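Predicted, not measured: the structure shown is a model, and the values here were computed from it. Because only heavy atoms are used, hydrogens play no part in the values below, and waters and symmetry mates are left out as well, while side chains stay in.
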Amino acid sequence: MEKRIINDIEVHSGSGNVFADLGLPDADKLKIKSGLVIEITRAVRKLGLTQEEAGKRMGIPQPKVSAMMHGDFTNLSERKLMECLSRLGYDIEIKARPTRESVGYITFAVA
């Protein structure tokens, strides 16, 4: 991470993954899950669904919808979050391709 001084304050550039910057375990997984949750929240709002309606549509109980929309998504797998997003009218596409590096990376993008 690059660091510099701005107005006498030491500032570090982020890596693009706040979870990794905070030193959290499974940072890549958390980044993907948080991206899915953000998109689920957008879809629920765009569709004008209540949490109860969203839960029925996604196949999860309302309390889990509430927890998810308030940032607690630890009890939901990446697979379940993708299924929820699909049930809200999104296509999910996973691409795998060889990398030039010794270890590849995982990214989440919304079109």
Intermediate values then yes/no, side chain to side chain contact (heavy atoms under 4.5 Å, CB included), Asp21 and His12: CA-CA 10 Å; Asp21 294 345; His12 297 263; over 6 Å; no

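- Hydrophobic cluster of Ile6: the remaining members, joined at side-chain heavy-atom separations below 4.5 Å, are Ile9, Val11, listed by chain and number.
- Counting non-hydrogen atoms of neighbouring residues, nucleotides and ligands closer than 6.0 angstrom, the CG atom of Asn75 exceeds 12 such neighbours.
- Rounding to the nearest 0.5 Å places CD1 of Ile92 at 6.5 Å from CG of Leu36.
- Ala20 and Ser15 make their closest contact through CB-OG, 4.4 Å (heavy atoms, listed as atom of the first residue, atom of the second, distance).
- Note that CG of Leu30 is 9.0 Å distant from CD of Glu78, once rounded to the nearest 0.5 Å.
- Between the side chain of Ser66 and the backbone N or O of Gln62 there is no donor-acceptor pair closer than 3.5 Å.
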Verdict with reasoning, Leu88 to Leu49, per side chain to side chain contact (heavy atoms under 4.5 Å, CB included): CA-CA 10 Å; Leu88 292 170; Leu49 301 173; 3.9 Å; yes

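- Side chain of Lys33 to backbone of Leu76: a donor-acceptor contact under 3.5 angstrom is found.
- Applying the side chain to side chain contact (heavy atoms under 4.5 Å, CB included) test between Phe19 and each of Leu24, Asp26, Asp28, Ile32 identifies Leu24 as the sole match.
- Rounding to the nearest 0.5 Å gives a distance of 12.5 Å between CZ of Arg45 and CG of Leu47.
- Under the 4.5 Å side-chain heavy-atom criterion for Ile, Leu, Val, Met, Phe, Trp and Tyr, Val18 and Val37 are members of the same hydrophobic cluster.
- Side chain of Asn17 to main chain of Lys31: no donor-acceptor pair is present (N/O by atom type, distance under 3.5 Å, no hydrogens or angles).
- Summarising the geometry, atom OG belonging to Ser86 is positioned 12.5 Å from atom CG belonging to Leu81; distances are rounded to the nearest 0.5 Å.
- The structure places CD of Glu83 at 10.0 Å from CD1 of Ile40, a figure rounded to the nearest 0.5 Å.
- Atom NZ of Lys29 sits about 8.5 Å away from atom OG of Ser77, to the nearest 0.5 Å.
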Could you list the donor-acceptor pairs under 3.5 angstrom formed by side chains in residues 52-60, with sequence neighbours left out?
{"residue": "Glu53", "atom": "OE1", "partner": "Thr50", "partner atom": "N", "Å": "2.8"}
{"residue": "Glu53", "atom": "OE1", "partner": "Thr50", "partner atom": "OG1", "Å": "3.4"}
{"residue": "Arg57", "atom": "NE", "partner": "Arg87", "partner atom": "O", "Å": "3.0"}

